[in-house]
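Down below is the structure, laid out as structure tokens.
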Amino acid sequence: MARGKSRRRLSKDQDEVLTLFQRALEVLKVFRKWILLGVVGLALLVAGWEVKVYFAGKRNEEAATALTRVRAKLNRPEEAAAAVSALEQVVQKYGGTPAGREAALFRAHLLYQMHNYGEAAQAYRELQAGPAGRDPGWDYLIDESLSYCYEAQGDYDQAAQVLQAAADKAPGFYKRELMLRLAWMLEKAGKAKEAAPYWQRLLEAPPNPALVPYLKEKVAALDAAKKK
């Protein structure tokens, strides 16, 4: 009798498993269309991403090759105008790539060296408006270079404004370098009082130990001026 009960129980368990399996199949039949669409969509998304990465990498390589062709002209003053034109073509064709941004920076530098300060300033402003998340050193280089353009045009106030904005967000060494130049621009603009705090802060943490005697002279001169 015990064995009969065991067989009946086993048969009942098997029926329950089969019933659950059949129910699962019915559910899959209802949703298989959506599951299939989801799988296909995911596959297409992955394939699309891989294609995008491939073409982005290929474009970066082409941009680097194009920039390499122009580099030979960068140290030849007689070819400066031709180099500016070639760099502009690289920027227009490969803007947004690392080599494209580097070409834009070289172009701005060349314009400055050619004494085209207005055009150089515009080129640096365009670089300032570039994408976020870049190497901070890149941003500080652009800001400082732009200040040189304004200085060359005699606009010391504008140069100081650019440097002030850059110094406010710069860390450590970059901050001290920008503050040094900012103090000079403020003095050139006839704003010795505004420059004084920067000379004092620079004396407390100079960017270069060799500047300490110079900074002491600056601070002493300002203190003497205050006593008059």
Side-chain angles (χ1 to χ4, degrees), residues 63-64 66-68 70-191 194-195 198-199 201-202 205-208 210-211 214:
L67 180 58
T68 299
V70 185
R71 281 180 182 275
K73 300 178 181 180
L74 298 181
N75 295 322
R76 300 173 187 167
E78 69 278 6
E79 295 190 53
V84 166
S85 178
L87 289 167
E88 188 170 357
Q89 290 177 17
V90 175
V91 173
Q92 290 176 353
K93 189 172 182 180
Y94 300 106
T97 65
R101 291 192 291 272
E102 192 175 350
L105 185 62
F106 282 143
R107 176 177 174 273
H109 288 344
L110 276 179
L111 287 169
Y112 178 85
Q113 290 170 10
M114 295 166 66
H115 308 295
N116 296 336
Y117 303 123
E119 289 183 61
Q122 179 59 33
Y124 286 123
R125 285 194 293 267
E126 290 171 1
L127 281 164
Q128 275 185 325
R134 303 171 298 190
D135 177 3
W138 171 279
D139 291 329
Y140 305 139
L141 172 62
I142 292 170
D143 293 334
E144 187 176 17
S145 298
L146 179 56
S147 77
Y148 277 105
C149 293
Y150 290 132
E151 180 187 12
Q153 296 176 87
D155 193 344
Y156 307 121
D157 277 322
Q158 190 67 37
Q161 288 178 29
V162 171
L163 292 164
Q164 176 70 71
D168 285 344
K169 59 186 179 183
F173 175 79
Y174 290 120
K175 188 180 205 67
R176 294 192 293 273
E177 285 289 328
L178 292 168
M179 283 171 50
L180 178 61
R181 182 155 170 72
L182 171 58
W184 281 333
M185 289 303 99
L186 287 170
E187 285 206 348
K188 279 194 169 187
K191 298 180 177 180
E194 286 85 343
Y198 294 106
W199 291 125
R201 287 169 64 185
L202 285 164
N208 185 337
L211 285 172
Y214 174 78

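In this chain, numbering begins with 1 at the start of the sequence shown.
E187 and Y198 share no donor-acceptor pair across their side chains, judged by distance under 3.5 Å alone. Side chain to side chain, D157 and Q161 fail the donor-acceptor criterion of an N or O pair below 3.5 Å.
Counting only heavy atoms from C-beta outward, the side chains of L186 and Y156 never approach each other to under 4.5 Å. Put simply, the side chain of L87 reaches to within 4.5 Å of the side chain of L67, judged on heavy atoms. Looking at L202 and L211, their side chains never come closer than 4.5 Å, going by heavy atoms from C-beta outward. Proximity of R101 to W138: side-chain heavy atoms (C-beta onward) are separated by under 4.5 Å at one or more points. Counting only heavy atoms from C-beta outward, the side chains of M185 and Q164 never approach each other to under 4.5 Å.
Aromatic ring pairs are classed by plane angle as parallel below 30°, tilted from 30° to 60° and perpendicular above 60°; the pair Y174 and Y140 is tilted.
Once rounded to the nearest 0.5 Å, the distance linking CG of L163 with CE of M179 reads 11.5 Å. One distance of note links CG of L182 with NZ of K191; it measures 10.5 Å at 0.5 Å rounding.
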Quiz: residues 142-149 side-chain donor-acceptor pairs under 3.5 angstrom, not counting sequence neighbours:
{"unit_1": "D143", "atom_1": "OD1", "unit_2": "Q128", "atom_2": "NE2", "d": "2.7"}
{"unit_1": "S145", "atom_1": "OG", "unit_2": "L141", "atom_2": "O", "d": "2.8"}
{"unit_1": "S147", "atom_1": "OG", "unit_2": "E144", "atom_2": "O", "d": "2.6"}
{"unit_1": "S147", "atom_1": "OG", "unit_2": "R181", "atom_2": "NE", "d": "2.8"}
{"unit_1": "S147", "atom_1": "OG", "unit_2": "R181", "atom_2": "NH2", "d": "3.4"}

Quiz: residues 105-114 side-chain donor-acceptor pairs under 3.5 angstrom, not counting sequence neighbours:
{"unit_1": "H109", "atom_1": "ND1", "unit_2": "Y124", "atom_2": "OH", "d": "2.4"}

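The salt bridge (Lys or Arg N to Asp or Glu O under 4.0 Å) check on K93 picks up nothing, with sequence neighbours excluded.
Smallest separation of non-hydrogen atoms from A167 and K175: O-NZ, 2.6 Å. Between A103 and V90, the shortest heavy-atom contact is CB-CG1, 3.8 Å. Taking both residues in full, the closest heavy atoms of R176 and A205 are given as CD-O, 2.6 Å, listed atom of the first, atom of the second, then distance. Shown here for A99 and A64, the closest heavy-atom pair between the two residues is CB-N, 3.6 Å.
Ion pair R76/E79 flagged as a salt bridge, since at least one NZ, NE, NH1 or NH2 atom sits closer than 4.0 Å to an Asp/Glu carboxylate oxygen.
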